[in-house]
Amino acid sequence: MRATRIRQRRVTMSALNPPSLSLRIALLALAALTGVPDTATMAAAGELPAIASRQRAEKKSFTDSEIVEGFLKTAFGAEYHLAGRVDRIRKFDGPVRVFAESDRADRKTQLAKVVADIGTRVQHLDIAMAGSSEAANVRVKLVRDRDLFRTISSFYGAEKAREIRTSLDPQCLSGFRKNDNFEIEHSDVILTVDNGDFTFLDCAYEELLQSLGPINDTTSVPWTMFNDNVSMGYFDVYDQYILNLLYDPRIKPGMTVLEVKAVLPAVLTDVRAWVRRVNDLKE
């Protein structure tokens with residue numbers, strides 16, 4: 001099965017599998033971005049004023065129910081459902097290796113820092129850059145904005161690409177292919193390189209994180225970047241809770257909501273301790 005998500009200018013929709021693939025599509029989520037002016041080419045997210053201001057205002061204290069609500073709403077379901085079951089946990093069950101295809105060294109450097117940051121903040125996720133496409137199970141295609149439609153067409157076919165362009169104005173896309181055990185086998189991410197640093201980083205974090213499994217957007221949780229109305233540009237504390245819950249070894253691919261709820265209290269206790277330590281949060 002294939003799940004695909006496109007980030008647009010603040011909506012959500014679905015796209016089809018590339019015609020060359022025999023696997024069925026599970027879902028496609030599309031989210032939009034609010035434009036923020038570029039401030040200069042900077043490699044680290046914290047150097048951007050638009051991101052630094054968000055970090056200063058960030059909410060970092062959450063109740064158990066607030067964390068669990070966001071996890072269940074993003075790890076299960078699909079905002080736009082085409083085929084396949086979406087009532088199970090979907091995640092990688094092994095090391096994640098990311099390869100970037102681009103001639104833009106600055107964007108590749110930024111992407112590598114995003115990947116390293118995710119690896120630092122998700123305890124049980126082994127994620128790093130790969131030296132070649134063959135060694136990767138996450139492929140990131142970095143393209144100019146003017147080449148985005150052509151790239152989407154090569155991935156999903158001309159007809160679906162036209163539907164996407166007609167109804168939306170996408171800036172980035174991510175999708176994954178999972179097996180019958182709901183283990184993600186491969187992810188593809190498409191990011192535009194020339195829409196400014198904030199947009200690039202916002203897309204990179206959200207699409208990479210969603211390509212790891214939590215693909216369902218929700219507008220009812222105000223603290224997650226998986227909300228169409230929220231732009232972050234960095235890996236916020238709330239979403240660290242979501243990814244750490246998902247990648248705890250006790251949360252397994254294919255689990256149902258009831259099965260997850262049975263182990264969540266113990267998992268959340270450990271995740272709280274990790275997120276508090278890695279972010280130097282107070283008790």
Side-chain angles (χ1 to χ4, degrees), residues 43-76 89-96 98 110-129 201-202 204-218 220-227 229-253 255 257 259-283:
E47 295 172 351
L48 294 177
I51 293 176
S53 64
R54 285 165 168 78
Q55 289 175 320
R56 287 192 297 270
E58 179 186 0
K59 175 179 168 66
K60 297 180 180 179
S61 178
F62 303 95
T63 65
D64 287 356
S65 61
E66 287 172 338
I67 296 171
V68 169
E69 178 190 12
F71 174 70
L72 295 178
K73 286 183 175 180
T74 56
F76 291 96
I89 287 292
R90 300 147 290 185
K91 61 188 284 190
F92 281 96
D93 191 27
V96 177
V98 182
Q110 285 177 307
L111 182 70
K113 291 192 175 188
V114 168
V115 169
D117 187 37
I118 293 171
T120 297
R121 297 180 187 279
V122 183
Q123 184 176 15
H124 298 290
L125 174 64
D126 178 2
I127 184 171
M129 298 299 293
L201 290 168
D202 196 31
Y205 272 106
E206 182 169 356
E207 299 304 334
L208 276 173
L209 292 173
Q210 292 212 292
S211 75
L212 297 174
I215 203 165
N216 192 36
D217 276 353
T218 174
S220 63
V221 180
W223 312 290
T224 177
M225 70 177 75
F226 311 140
N227 180 331
N229 300 313
V230 176
S231 293
M232 293 290 191
Y234 67 99
F235 196 3
D236 58 291
V237 167
Y238 187 81
D239 290 316
Q240 290 178 46
Y241 281 121
I242 290 177
L243 269 296
N244 275 283
L245 286 173
L246 180 61
Y247 275 87
D248 186 278
R250 289 162 287 188
I251 305 294
K252 301 183 184 301
M255 272 187 163
V257 172
E259 289 170 334
V260 168
K261 284 184 175 180
V263 300
L264 263 184
V267 174
L268 182 55
T269 297
D270 294 342
V271 165
R272 275 194 176 278
W274 168 261
V275 173
R276 184 169 58 247
R277 182 164 65 253
V278 79
N279 291 280
D280 195 24
L281 301 177
K282 296 180 180 179
E283 294 281 349

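Predicted model only: the values in this text are computed from it and were never measured.
Atom CG of Leu209 and atom CD1 of Ile118 lie 4.0 Å apart (nearest 0.5 Å). Taken from CD in Glu207 to CE in Met225, the straight-line distance is 10.5 Å, to the nearest 0.5 Å. Considering OG of Ser65 and CG of Leu268, their distance stands at 10.0 Å, rounded to 0.5 Å. Atoms CD and CE, on Glu58 and Met232 in that order, are 6.5 Å from each other to the nearest 0.5 Å. Summarising the geometry, atom CG belonging to Asp248 is positioned 12.0 Å from atom CG belonging to Leu125; distances are rounded to the nearest 0.5 Å. In this structure, Thr74 OG1 and Ile242 CD1 are separated by 4.0 Å, a value rounded to the nearest 0.5 Å.
Within 6.0 Å of NZ on Lys261 lie no more than 12 heavy atoms contributed by other residues, nucleotides or ligands.
With sequence neighbours excluded, no residue satisfies salt bridge (Lys or Arg N to Asp or Glu O under 4.0 Å) with Asp236. A search for side chain to side chain contact (heavy atoms under 4.5 Å, CB included) contacts involving Ser61 returns nothing, not counting sequence neighbours. Applying the side-chain hydrogen bond (donor to acceptor under 3.5 Å, both in side chains) criterion to Gln123, with sequence neighbours excluded, gives no partner residue. Residues passing the side chain to side chain contact (heavy atoms under 4.5 Å, CB included) test with Pro222: none are found, sequence neighbours excluded. Here Thr224 pairs with Asp239 under the side-chain hydrogen bond (donor to acceptor under 3.5 Å, both in side chains) rule; sequence neighbours left out. Checked against side-chain hydrogen bond (donor to acceptor under 3.5 Å, both in side chains), Asp117 has the following partners two or more places apart in sequence or in another chain: Arg121, Tyr205. Remark: Arg276 pairs with Glu283 by the salt bridge (Lys or Arg N to Asp or Glu O under 4.0 Å) rule, at least two apart or across chains. When the ring pair (Phe, Tyr, Trp, His ring centres under 6.0 Å) test is applied to Tyr238, the partners found at least two apart in sequence or on another chain are Phe62, Trp223. Residues satisfying the salt bridge (Lys or Arg N to Asp or Glu O under 4.0 Å) criterion with Glu69, sequence neighbours excluded, are Lys73. Listed by chain and residue number, nothing satisfies the salt bridge (Lys or Arg N to Asp or Glu O under 4.0 Å) test with Asp93 (two or more places apart in sequence, or in another chain).
Nearest heavy-atom pair, Val263 versus Arg250, reported as atom, atom and distance to 0.1 Å: CG2-O, 4.0 Å. Considering all non-hydrogen atoms of both residues, Ile51 and Tyr234 come closest at CG2-CD2, 3.6 Å. Contact detail for Leu281 and Val275: the closest heavy-atom pair is CD1-O, 4.1 Å. Taking both residues in full, the closest heavy atoms of Asp202 and Gly233 are given as OD1-N, 3.0 Å, listed atom of the first, atom of the second, then distance. In terms of heavy atoms, Asn244 sits closest to Val122 at OD1-CA, 3.4 Å. For the pair Leu208 and Ser211, the tightest heavy-atom approach, listed with the atom from each and the gap, is O-OG, 2.7 Å.
A donor-acceptor contact shorter than 3.5 Å links the side chain of Arg90 to the backbone of Ala75. Side-chain atoms of Lys91 come within 3.5 Å of backbone atoms of Leu246 as a donor-acceptor pair (strictly under, hydrogens ignored). Remark: the backbone N or O of Gly70 is not paired with any side-chain donor or acceptor of Tyr241 at under 3.5 angstrom. For Asn227 (side chain) and Asn229 (main-chain N/O), a donor-acceptor pair under 3.5 Å exists by modelled atom type. Although no hydrogens or angles enter the test, the distance criterion places no donor-acceptor pair under 3.5 Å between the side chain of Gln110 and the main chain of Leu201.
Looking at Leu264 and Asp64, their side chains never come closer than 4.5 Å, going by heavy atoms from C-beta outward. Residues Asn279 and Gln240 form a side-chain contact, since some pair of their non-hydrogen atoms from C-beta on lies under 4.5 Å apart. Looking at Phe76 and Val260, their side chains come closer than 4.5 Å, going by heavy atoms from C-beta outward. With a 4.5 Å cut-off on side-chain heavy atoms, Leu243 and Phe235 count as touching. Looking at Asp126 and Phe92, their side chains never come closer than 4.5 Å, going by heavy atoms from C-beta outward.
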